[in-house]
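See structure below.
Below, all heavy atoms of this structure are taken into account, side chains as well, without hydrogens, waters or symmetry copies.
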Amino acid sequence: MTEVPSTNQSKRHVIIGLIIAVFMLVADQVIKVLVEAELPFQQPLEVLPFFAMYYTFNTGVAFSFMNNLSPFALLLIAGAVVVIMLFLWWQARHDGLLPAIGFGMILGGAIGNMIDRGLYGHVIDYVLLHWGDWSFAIFNLADAALTIGVMLIIFSNLFLAPKNDK
């Protein structure tokens with residue numbers, strides 16, 4: 001039988017998650033400032049045979065989905081996602097360290113992209129993964145944090161969550 005973490009341990013996990021959120025947010029915004037200052041717009045800068053820095057804008061959400069919505073509407077949607085995520089995190093605050101890390105990554109990434117939308121009306125993207133003629137969607141650290149955070153929470157719920165005794 002798996003033990004529920006103590007209140008002190010749960011608080012420590014939440015604090016770690018919040019530290020991760022702040023770290024992801026600051027790192028995301030610093031990188032975006034550097035990208036804007038140093039990279040030419042939509043000109044790839046090859047770093048590795050499969051990785052290039054590529055400064056561009058995304059007016060939609062992931063993979064330019066919903067790019068026909070106004071920046072304000074997308075900002076409202078992102079704000080609603082953050083509120084829902086915070087509610088879910090509060091509900092799962094005793095689930096352990098891995099979900100806390102995941103929720104922290106989601107929070108930091110979502111706020112990072114919200115800042116872009118609020119300031120510029122679009123999100124700044126800069127990571128291009130490619131191999132030969134194939135390329136993946138261009139994304140940023142905030143997008144990666146969101147994706148990894150969701151994966152950590154799903155992994156934790158599928159494989160690490162306490163099983164209810166029947």
Side-chain angles (χ1 to χ4, degrees), residues 16-82 84-86 88-89 92 95-161:
I16 290 169
L18 290 173
I19 290 169
I20 288 170
V22 170
F23 174 79
M24 295 311 285
L25 172 61
V26 170
D28 175 65
Q29 291 300 298
V30 166
I31 291 169
K32 288 173 178 173
V33 166
L34 292 172
V35 163
E36 280 193 303
E38 301 296 328
L39 288 180
F41 188 68
Q42 295 186 342
Q43 300 293 316
L45 173 66
E46 293 295 328
V47 178
L48 296 170
F50 58 89
F51 170 70
M53 298 294 290
Y54 189 89
Y55 172 34
T56 192
F57 301 148
N58 182 356
T59 57
V61 293
F63 310 110
S64 296
F65 181 65
M66 292 195 281
N67 63 354
N68 58 336
L69 292 179
S70 73
F72 182 72
L74 290 171
L75 192 57
L76 284 177
I77 291 169
V81 168
V82 168
I84 291 167
M85 191 278 315
L86 287 170
L88 292 173
W89 190 2
D95 287 353
L97 181 59
L98 199 58
I101 292 169
F103 281 116
M105 293 180 81
I106 293 168
L107 182 62
I111 293 174
N113 282 342
M114 282 179 66
I115 289 171
D116 287 11
R117 282 193 202 292
L119 291 177
Y120 313 117
H122 57 260
V123 172
I124 298 166
D125 285 337
Y126 51 83
V127 176
L128 172 61
L129 299 177
H130 61 89
W131 191 260
D133 291 336
W134 173 86
S135 65
F136 189 69
I138 302 166
F139 60 98
N140 60 40
L141 180 61
D143 299 334
L146 286 159
T147 302
I148 293 168
V150 168
M151 290 170 42
L152 289 174
I153 292 167
I154 290 171
F155 177 84
S156 176
N157 281 318
L158 289 177
F159 300 108
L160 302 178

TODO: Can you establish whether the number of heavy atoms outside F23 located under 6.0 Å from its atom CZ is more than 12?
DONE: no

Open item on the list: Restricting to ring pair (Phe, Tyr, Trp, His ring centres under 6.0 Å), what partner residues turn up for F72, sequence neighbours left out?
Closed with: none

- [ ] Give the C-alpha distance, both sets of side-chain angles, the deciding distance and a yes or no for side-chain contact (heavy atoms from CB on, under 4.5 Å) between E36 and I124.
- [x] CA-CA 8 Å; E36 280 193 303; I124 298 166; 3.5 Å; yes

TODO: List in chain and number order the residues that pass ring pair (Phe, Tyr, Trp, His ring centres under 6.0 Å) with F139, two or more places apart in sequence or in another chain; answer none if no residue qualifies.
DONE: none

Task: side-chain contact (heavy atoms from CB on, under 4.5 Å) between L98 and L160, worked out - done: CA-CA 9 Å; L98 199 58; L160 302 178; 3.6 Å; yes

Task: Heavy-atom pair with the smallest gap, counting every atom of A78 and M114 - done: CB-CG, 3.5 Å

Task: Step-by-step side-chain hydrogen bond (donor to acceptor under 3.5 Å, both in side chains) determination, D28 to N113 - done: CA-CA 9 Å; D28 175 65; N113 282 342; over 6 Å; no

Task: Shortest non-hydrogen contact between P99 and S156, atoms and distance - done: CG-OG, 3.2 Å

Open item on the list: With heavy-atom distances below 4.5 Å as the criterion, would you say the side chains of I106 and V150 are in contact?
Closed with: yes

TODO: Could you tell me the separation between the CG atom of L107 and the CE atom of M24, rounded to the nearest 0.5 Å?
DONE: 11.5 Å

Open item on the list: A side-chain contact here means heavy atoms from C-beta on lying under 4.5 Å apart; do L129 and S135 qualify?
Closed with: no

Task: Closest heavy-atom pair and its distance - A110, L146 - done: N-CD2, 3.8 Å

TODO: Using the six-membered ring wherever Trp is involved, compare the ring planes of W131 and F50 and label them parallel, tilted or perpendicular (cut-offs 30° and 60°).
DONE: tilted

Open item on the list: Quick check for you: to the nearest 0.5 Å, what is the distance between E38 atom CD and M53 atom CE?
Closed with: 11.0 Å

Open item on the list: Looking at T147 and D143, would you say the former's side chain and the latter's main chain have a donor-acceptor pair under 3.5 Å?
Closed with: yes

- [ ] Find the distance between NZ (K32) and OH (Y126) and round it off to the nearest 0.5 Å.
- [x] 6.5 Å

Task: Enclosure of W134 CH2 (heavy-atom neighbours >12, cutoff 6.0 Å) - done: yes

Task: Interatomic distance, I19 atom CD1 to I101 atom CD1 [nearest 0.5 angstrom] - done: 11.0 Å

TODO: For the residue pair F57 and Y55, categorise the inter-ring angle as parallel (less than 30°), tilted (30 to 60°) or perpendicular (more than 60°).
DONE: perpendicular

- [ ] Spell out, as yes or no, whether a donor-acceptor pair under 3.5 Å connects the side chain of D125 to the backbone of T56.
- [x] no

- [ ] Quick one: pull up CD1 in I16 and CG in L97 and give me the separation to the nearest 0.5 Å.
- [x] 5.0 Å

Open item on the list: To the closest 0.5 Å, what do you measure between CG (L34) and CG (L39)?
Closed with: 9.0 Å

TODO: List the steps and the verdict of side-chain contact (heavy atoms from CB on, under 4.5 Å) for F51 and L128.
DONE: CA-CA 6 Å; F51 170 70; L128 172 61; over 6 Å; no

Open item on the list: So does V123 get a backbone contact from the side chain of N58, meaning a donor-acceptor N/O pair under 3.5 Å?
Closed with: no

Open item on the list: Minimum heavy-atom separation for M105 and G149, please, with both atom names.
Closed with: CB-CA, 4.1 Å

Open item on the list: Using a 3.5 Å distance criterion without hydrogens, assess whether the side chain of Q43 forms a donor-acceptor pair with backbone atoms of Y54.
Closed with: no

Task: Set of residues satisfying ring pair (Phe, Tyr, Trp, His ring centres under 6.0 Å) with respect to H130, sequence neighbours excluded - done: none

